[in-house]
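The structure displayed is predicted, hence computed values, not measured ones. First the proteins, then the strands, lettered A, B, ... as listed; each starts at 1.
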Amino acid sequence: MRASQFHIATTKETPADAEIISHQLMLRAGLIRRLASGLYSWMPLGLRVVRKVEHIVREEMNRAGALECLLPAVQPAELWQESGRWEKYGPELLRLHDRHDREFCVGPTHEEVITDIARKELRSYKQLPINLYQIQTKFRDEIRPRFGVMRSREFIMKDAYSFHIDGASLSQTFDDMHTAYCAVFDRIGLDYRPVDADSGSIGGAKSTEFHVLANSGEDGLATSTVSDYAANVEKAAVVCTTTRADATAEQTVIDTPGVHTIDELCKATGANASQCAKTLLVNGVGMNTQEDGSAVDGPKVVALVIRGDHELNDIKAEKHPLVQSPLTFADAKSIRDVANCDAGSIGPIGLSIPVIADQDAANMSDFVVGANENNKHITGVNWARDLPDPEVADLRNAIEGDPSPDGQGNLTIVRGVEVGHIFELGTTYSEALKASVPDESGKNQTLHMGCYGIGITRVVAAAIEQNHDNNGIQWTRSIAPFEVVIVPINAAKSDAVKAASEKLYQELQEQGFDVLLDDRPLRPGVMFADMELIGIPHRVVVSDKLLPDNKLEYRNRRAEESEVIDYADVVARINT
RNA sequence: CGGGGUAUGGCGCAGUCUGGUAGCGCAUCUGGUUUGGGACCAGAGGGUCGUAGGUUCGAAUCCUGCUGCCCCGACCA
């Protein structure tokens, strides 16, 4: 490709509304353009990267025996009603009506459609297992799209769905997909981690997320310092190492005017956060709120007690049978009803509702709590003596230094971007949509199902998060929009440079390289800056300075310095 | 949806407090000089100041409503 024939649209200045580096660089390099909130156009340069990622994914999926298909983006409501997700999915599902006023949605995922195909197409256990995938645009009406293409509403996803006669076959494919995903991310050149994950709203038994390590990542990952244990902090179990000490202090009510947070409480009392307990009132399972806000069945609120230096883990909390899922905090009025005070002064003493304490909170002694009276707290509190022993559960996020749940080493917390997720769904959807097949004995068996996603467009952003410097993007060769760029110096004045550049351009193309010839009539500095911003991995400079000796200048995007090489060695140099 | 911010040529911003009819840098176009790290000179084009209303002789500026966008929380590939 000739740069003069291609749309290169770089900017020097960083757009004001781009927060993270990948978003800034994608805009500056002209990979994407924003259309509306969460909606981005892929410019020719950016699309080349998307296509390369797709190509790698496609190859590895095919290698793993998956079959590519393409399902409709728009799906009929009936299918979603059948699976129960028409109600369950909520406002993230973009719903629309056709001219006959029939209801549809824009697919955020395709379990329903694929299961419908499975139930119609699959006639015998002999056709199993089968793994179908597609690469397609999805739409999720995210509450808050952000970070450009990293969390957009419309995005490209590779989604695969497998069907099996039993769980063992499903596990086999699940493992195969795990292997295929590693192959994909290895080829792209990402520093990633497969981690144990909560299966979330999609449901099912087992799931593994693939995270690209990056500080801007929205997820916390807990990894062991010695073993290969890795889990999303949402999922990482906390191994309790504390024990309860004997009570030594007297229970004392103190004045704490204006104190609402643990921080303020520490300042006011001189206590450490680890000596304070925070009491969080959340809605319990009996809490049903009507349209007009009135409660039926009586308000049911549950108190969760966490040590002041710990964080509540929503996912763990909502798994508790008494806690409403999804987890929501009690409103101001219910707090007053239950605790006689406002949030910030709540404590577990004297509450007439269930009190569930995190393991470490339950092991505290001589601790500080809210007094259930505004502007007052109580110090020297002890379980069993001052209030009943609570029900104990694992409620908090794992933190740096916690022992690894597998018993080997401690946990380190790193940030990650979720680029892939594989699930053993089991029979959830096949049961709902009645997808079954006769087994060897002729008896109908409900299909076991797995699903496997990769956020193609998110991979592009994540790759940039991990590969950039002050001058711009540093693509790995496998997904770079172009592998090599030829930069002629002063071609307008030098026929020799011009001819040599053209010749090299031809030769590299014949060698099968994805090559860009920067034939724009620009000064060298501008071309260098552009090509570094765009992130082309290899740069070859053709100049009058070196041409008489039949030499060229080569520079790797990641190298500090350029080097002079023989014309004959270009291909070899690029390939090393 | 709740909280905070913001809206002025394609991009980044100033001007708003203290009303007087819009400016800077980058980018673009023309001509010239340049040509190994985002050149220089000369000239040019481009803005109903988000939108609707109000106050006023006069509104980018003051008031009110609406909308877009960004950031913080719940969601997820």
Side-chain angles (χ1 to χ4, degrees), chain A residues 9-20 23 27-28 30 33-39 53 57 89-93 108-110 135-160 181 197-202 207 209-212 217-219 232 234 314-315 318 325-329 331-332 416-423 451-462 471-472 487-494 497 521-533 539 541-546 553 555 562:
Chain A
T10 55
T11 61
K12 270 195 247 188
E13 280 173 301
T14 305
D17 49 11
E19 176 89 347
I20 59 169
H23 189 197
L27 255 11
R28 283 192 55 207
R33 298 268 102 115
R34 197 187 71 92
L35 208 218
S37 175
L39 301 178
V53 173
V57 169
Y89 213 92
E92 217 170 286
L93 185 64
T109 175
H110 285 243
I135 295 177
Q136 186 216 35
T137 296
K138 298 282 190 273
F139 192 96
R140 294 183 189 173
D141 203 351
E142 295 276 350
I143 305 163
R144 188 154 84 86
R146 77 190 119 166
F147 301 152
V149 112
M150 192 76 94
R151 176 176 297 281
S152 51
R153 294 194 291 177
E154 189 175 300
F155 60 100
I156 300 172
M157 176 158 115
K158 185 285 299 176
D159 48 327
Y181 274 38
D198 187 83
S199 36
S201 55
I202 297 189
S207 90
E209 291 172 347
F210 289 78
H211 284 262
V212 168
E218 297 185 79
D219 287 284
N232 196 308
E234 289 177 348
D314 296 14
I315 307 263
E318 64 196 28
S325 175
L327 181 108
T328 48
F329 286 96
D331 57 34
V417 175
E418 185 188 350
V419 290
H421 201 161
I422 58 178
F423 297 87
C451 77
Y452 320 92
I454 290 180
I456 302 283
T457 41
R458 185 181 277 183
V459 163
V460 175
N471 295 328
V487 180
I489 302 296
N490 208 3
K493 284 276 173 66
S494 166
V497 166
L522 296 173
R523 296 163 62 84
V526 179
M527 294 194 276
F528 293 154
D530 269 357
M531 293 307 134
E532 278 160 15
L533 212 209
R539 182 182 83 190
V541 175
V542 181
S543 72
D544 273 329
K545 219 162 63 182
L546 299 172
E553 179 188 305
R555 175 138 165 201
S562 321

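A/Phe147 places its CZ atom 16 Å from the C1' atom of B/A77, with the value rounded to the nearest Å. Distance CD (A/Glu318) to P (B/A74): 11 Å, rounded to an integer number of Å. We find that CE of A/Met531 is positioned 12 Å from C1' of B/G38, with the value rounded to whole Å.
For the P atoms, the distance from B/U16 to B/U61 is 12 Å, rounded to whole Å. Separation of the P atoms belonging to B/U48 and B/C75 is 44 Å when rounded to the nearest angstrom.
At a cut-off of 3.5 angstrom, the base of B/C71 holds no donor-acceptor pair with the side chain of A/Asp17. Looking at A/Arg144, its side chain has no donor and acceptor atom pair within 3.5 Å of the base of B/C71. Counting distance only, with no hydrogens placed and no angle test, the side-chain atoms of A/Arg539 and the base atoms of B/G36 include no donor-acceptor pair under 3.5 Å. Judged by distance alone, with hydrogens and angles left aside, A/Asn490 brings no side-chain donor or acceptor close enough to the base of B/G36 to form a pair under 3.5 Å.
The main-chain N or O of A/Ile156 is found under 3.5 Å from a side-chain atom of A/Thr457 such that the two form a donor-acceptor pair. Of the possible donor and acceptor atoms, one in the side chain of A/Arg458 sits under 3.5 Å from a partner among the backbone N and O of A/Glu418.
Between A/Arg151 and the phosphate of B/A74, there is no side-chain N or O to OP1/OP2 separation shorter than 4.0 Å.
Nucleic acid contact class of A/Ser562 (heavy atoms, under 4.0 Å, all strands): none. Counting non-hydrogen atoms under 4.0 angstrom, A/Ser37 reaches the backbone sugars and phosphates but no base. The residue A/Val526 sits close to a base: some heavy atom pair falls under 4.0 Å.
When side chains are defined from C-beta on, A/Val417 does not count as touching A/Asp219, because their heavy atoms never get closer than 4.5 Å.
Using a 4.0 Å cut-off between charged side-chain N and carboxylate O, A/Lys493 and A/Asp544 make no salt bridge.
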